[in-house]
Visitor: 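Provided herewith is a single structure, encoded as structure tokens, for subsequent inquiry.
Note that these values count all heavy atoms, side chains included, but never hydrogens, waters or copies made by symmetry. None of the values given here were measured: they were computed from a predicted structure.
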Amino acid sequence: MNTLTAGFALALVANLAFADPKPQDRVYTADQNTNTVSVINPATNKLLGQIRLGNVRPDILSPLYKGEVNVHGLGFSPDHKTLIAISNGSNSVAFIDTATNKVKGIAYIGRSPHEGFFTVDGKEVWVVVRGQNYVSVIDPDTFKEVRRIETAPGPGMVLFQQNGKTAFVVSSFTPEVDVIDVARHEVVKRIAVTSPFSPFLQFTPDFKEVWMTHKDVGKITRIDTAKLEVIGVIDTGFITNHLGFARTSRGTLGYVTVGGENVVKVYTLDADPKLVATIPVGALPHGIWPSDDGSRMYVGLENGDSVDVIDTTTDKVVARVPAGQAPQALVYVSNAVPAGAGIANLMPRANSEPINVALKANGCDAKGFVVARNLGLVDALEVFLYKLKPETVYNIYVGDQRTPVATFRTNVMGMANGTVIGPLREVVSTLSAKTVSPSSIAVMEGDATVDPAKAVLVSSK
């Protein structure tokens, strides 16, 4: 073996020695309904506990409540010592020490912030304020907003080029991407894209492209980061949520969560991307992030209250880890806990397992599903309705009730969703041998009397 070959072999061995997820690494999920951050050890695929930022829904309605509401977005510092958790209901950004799981400070900013990240030099935190039209720039030492950068209405997410000079901001309300000069804190380019609803973007590992998801139309737009122009659009599927990239033995691949199909789709990065795998996962995959070495993909299940772990060598789920209710964003942070067990200040899991109810259409193209989470004598029902008539009223009926438990009006895209309280399961004495069974669900258009035979959507048997 010559010196060059030996040197390469040693480098390869050294790289592999640090390849697999380590006990010092962490996977975090932002749990919207329990207002927690779930903390997972990726070396064991075990939930270590939760960082409680607020109370579990619906215990957030008191006028004296001071906790966070709708923990939704996540980001982390370049040194991996600080995690940020963005809550869109309380308009806040919590700064969390990754070694101790302790909240260091909270910044309160504008209406309905969504996602955020540290600048490459770690000196600023940029958080998109989706309910308005700007990026909030926060000092991570004082936890104070220091400036605002005006964008198109509804900024959805921000990430930075590797050189730290340019930021890309997608929008959830406007069909454009804003390119920002980081030093000048101003938009220098606006790129038109295929639809107005993008919640997420990610750079390819070589930073030559930005891929952004379009949740409303089930597509991904690819942008050339040098030319600042769209170079392609991929049809990915119903409720395309987040995406991540992994370097594998087959080359660099893009992994896309498609919530409406309960799958992760895997694409090549060719000029004409090819779908090379479709991986079945749990209910409503949302957030996704790779391990640093690309050997694993971690997928948050919004309606499954858990995380699926994908082996990128086989493209199969190899583990499922419990998490908080309705996990949204998910990040993988290597060496988050340099020493010790890293379980200080963690609380036990605050939630039980959910029940997912599929809805089937009666002679139409409508789609929908319901997830029930028990709150004692009643359940919180999260209802998701799609492909209905636009701007039309629909009533939700449960069991034999003649009065709807909820009324929704669809948007111009024929979609509606929300959370209601109702008895999905029968109340049964603990001394009874009777098995608790799910109640039926029917979605009726307008003021029509409940009739499963005439319902637009009904629960599957």
Visitor: Excluding sequence neighbours, so at least two apart, what forms side-chain contact (heavy atoms from CB on, under 4.5 Å) with Pro290?
Guide: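 Partners of Pro290 by the side-chain contact (heavy atoms from CB on, under 4.5 Å) criterion, ordered by chain and then number, come out as Met297.
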Visitor: Out of Asn35, Thr34, Asn33, which residue meets the side-chain hydrogen bond (donor to acceptor under 3.5 Å, both in side chains) rule with Arg57?
Guide: Asn33
Visitor: State which residues pass side-chain hydrogen bond (donor to acceptor under 3.5 Å, both in side chains) with Trp126; sequence neighbours excluded, sorted by chain then number.
Guide: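 Residues passing side-chain hydrogen bond (donor to acceptor under 3.5 Å, both in side chains) with Trp126: Glu124.
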Visitor: If we ignore angles and hydrogens, is there a donor and acceptor under 3.5 Å between the side chains of Asp31 and Ser38?
Guide: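 Yes, Ser38 and Asp31 have a side-chain donor paired with an acceptor closer than 3.5 Å.
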Visitor: Flag yes if more than 12 heavy atoms outside Lys367 fall under 6.0 Å of its NZ atom; otherwise flag no.
Guide: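 No, because the 6.0 Å sphere around NZ of Lys367 holds 12 heavy atoms or fewer from other groups.
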Visitor: Tell me if the aromatic rings of Tyr332 and Tyr298 count as close, with their centers under 6.0 Å from one another.
Guide: yes
Visitor: Calculate, to the nearest 0.5 Å, the distance between atoms CG and NZ belonging to Asp97 and Lys81 respectively.
Guide: 9.0 Å
Visitor: Could you work out, with side-chain hydrogen bond (donor to acceptor under 3.5 Å, both in side chains) as the rule, every residue matching Tyr134, not counting sequence neighbours?
Guide: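 side-chain hydrogen bond (donor to acceptor under 3.5 Å, both in side chains) check on Tyr134 returns Arg148.
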Visitor: Can you give the donor-acceptor pairs under 3.5 Å from side chains of residues 102-110 to other protein atoms, not counting sequence neighbours?
Guide:
| unit_1 | atom_1 | unit_2 | atom_2 | d |
| --- | --- | --- | --- | --- |
| Lys104 | NZ | Thr82 | OG1 | 2.7 |
| Tyr108 | OH | Glu68 | OE2 | 2.9 |

Visitor: Within a 6.0 Å radius of atom CD1 on Ile343, are there more than 12 heavy atoms belonging to other residues, nucleotides or ligands?
Guide: no
Visitor: Output every pair passing ring-ring contact (aromatic ring centres under 6.0 Å, His included) with a member in residues 77-104, not counting sequence neighbours, ordered by first then second residue.
Guide: Phe76-His80, Phe95-Phe143
Visitor: The criterion is side-chain contact (heavy atoms from CB on, under 4.5 Å); which residues satisfy it with Pro390, sequence neighbours excluded?
Guide: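 Expected list: none.
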